[in-house]
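Worksheet: the structure to be examined is printed underneath.
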Amino acid sequence: MSLVDLGKRLLEAARKGQDDEVRTLMANGAPFTTDWLGTSPLHLAAQYGHYSTAEVLLRAGVSRDARTKVDRTPLHMAAADGHAHIVELLVRNGADVNAKDMLKMTALHWATEHHHRDVVELLIKYGADVHAFSKFDKSAFDIALEKKNAEILLILQEAMQNQVNANPERANPVTVAAPFIFTSGEIVNLASLVSSTNTKTTSVLTVPAGQVTEETVIEEEEEAEKLPLTKKPRIEERTNSVEESKEGTERELLQQQLQEANRRAQEYRHQLLKKEQEAEQYRLKLEAMARQQPNGVDFTMVEEVAEVDAVVVTEGEMEERDTEENGAGGTIEPHSGVPLETVSS
């Protein structure tokens, strides 16, 4: 039997929880292979709740944090399917309780998604981060709120408060101090009603049929009053500075565009003034010419003068030609028979 076949049979034996078959196959050299989704034998044992099979595989050295093609670990599988005993086995053997898959979901996210209250308690016991956010910016508390699971909501809220008390820098006023209402099977988030982030508030509103009772515990109010009123969050300051720089850049750009428009308008004024001056010069020249001709310029007379000049030039050419033909002492007569004296006059 080839190694590929041994690997496939090992996967099938782990899926079915056949401990003896798993041992036999590993003794015969079966590799710790995966299927086309990257699922290892330990993933399958954890997913289907085979405790003893998972234990055998862990002792044989199968990776406790093996990843599928979507980055899910055996702990993700066990938590999503509610196998608390396998979750505890994996965590005790060193599995990463806060490992995230491709959606940045932890085992706590998946246990909350599928309403596995015992797994949620177990993961919190072993240090699961209740403040972890998924790819969609949701914590396990947000998921429980969407699923309207009151029991898990109480567990997660208490865990968040405990983790904040242990690590004050992780305080989140919206999720930690968010109160909620239980009403005959419904849950309403009242986080939007929390107006002050300087006071740590943990409140649970219980609504029996037709009656409303409220219990509010206000802690460290005096310390909150001691905080300087002028202190602002860094995020708000950074946002304001970015907006101011953006407005400054836009203002400079508008000023540059305005200066360019003024410069072009000034050029157009100079060009127009120059054209007006040239037009005025032409007008003055025309007036001067009109004064020299009292009766104005007669264009008909100009054409006649041009024709006479043409005739004079023609007769001059003829005279030169006859002089060359008859000699210097010959009689000069135009071909037209008209004396030159008459033409000249």
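Ion pairing between a basic and an acidic side chain is recognised when a charged N comes within 4.0 Å of a carboxylate O; K8 and D5 show no such pairing. Between E146 and K138, at least one side-chain nitrogen of the basic residue sits less than 4.0 Å from a carboxylate oxygen of the acidic one, meeting the salt-bridge criterion. Between E12 and R15, at least one side-chain N (NZ, or NE/NH1/NH2) sits under 4.0 Å from a carboxylate O, which counts as a salt bridge. Ion pair K125/E121 not flagged as a salt bridge, since none of the NZ, NE, NH1 or NH2 atoms sits closer than 4.0 Å to an Asp/Glu carboxylate oxygen. Classification of E260 and R263 as a salt-bridged pair holds, one side-chain N sitting under 4.0 Å from a carboxylate O.
Listed for the N93 side chain is no donor-acceptor partner under 3.5 Å among the backbone atoms of L90. Formation of a donor-acceptor pair under 3.5 Å by the H114 side chain with backbone atoms of A79 is not found in this model. In this structure, the side chain of H109 engages the main chain of A132 through a donor-acceptor pair within 3.5 Å. The main-chain N or O of T53 is found under 3.5 Å from a side-chain atom of D19 such that the two form a donor-acceptor pair. For the pair H76 (side chain) and M105 (backbone), a donor-acceptor distance under 3.5 Å is present. Side-chain atoms of K275 do not come within 3.5 Å of backbone N or O of H270 as any donor-acceptor pair. Panel note: side chain H83, backbone Q47; a donor-acceptor pair is recorded below 3.5 Å. The closest donor-acceptor contact from the side chain of N98 to the backbone of D129 lies under 3.5 Å. Remark: side-chain polar atoms of T68 are paired, donor with acceptor, to backbone N or O of R72 under 3.5 angstrom. Between the side chain of T39 and the backbone N or O of D35 there is no donor-acceptor pair closer than 3.5 Å.
In this structure, R59 places its CZ atom where only 12 or fewer heavy-atom neighbours from other residues, nucleotides or ligands lie under 6.0 Å away. Annotation: K100, atom NZ; neighbour count of heavy atoms from other residues, nucleotides and ligands within 6.0 Å is above 12.
The two atoms that bring A54 and A45 nearest to each other are N-CB, 3.9 Å, heavy atoms only. Contact between P74 and A46 at its shortest, heavy atoms only, is O-CB, 3.5 Å. Contact record, A95 with D65: CA-OD1, 3.6 Å, taken as the closest heavy-atom pair. The two atoms that bring M102 and K135 nearest to each other are O-CD, 4.3 Å, heavy atoms only. When every heavy atom of V70 is checked against every heavy atom of D101, the shortest pair comes out as O-CB, 3.5 Å. Contact detail for K69 and G38: the closest heavy-atom pair is CG-N, 4.2 Å.
By the criterion of side-chain heavy atoms lying less than 4.5 angstrom apart, applied directly or through intervening Ile, Leu, Val, Met, Phe, Trp or Tyr residues, V56 is not grouped with L44; the two fall into different hydrophobic clusters. Under the 4.5 Å side-chain heavy-atom criterion for ILVMFWY residues, no single connected hydrophobic cluster contains both Y51 and Y48. Cluster membership for V62 and L3, using ILVMFWY side-chain heavy atoms within less than 4.5 angstrom, is shared. There is a path of hydrophobic side-chain contacts, each under 4.5 Å, that joins L57 to L25. Side-chain heavy atoms closer than 4.5 Å link hydrophobic residues (I, L, V, M, F, W, Y) into clusters, and following such links, possibly through other members, connects I86 to L122.
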Under the side-chain contact (heavy atoms from CB on, under 4.5 Å) criterion, do N162 and E158 qualify, and how do the steps go? CA-CA 6 Å; N162 292 336; E158 182 180 358; 3.8 Å; yes
Would you please test H116 and W110 for side-chain contact (heavy atoms from CB on, under 4.5 Å) and show each step? CA-CA 9 Å; H116 299 310; W110 285 112; over 6 Å; no
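The CG atom of L156 lies 6.0 Å from the CE atom of M160; values are rounded to the nearest 0.5 Å.
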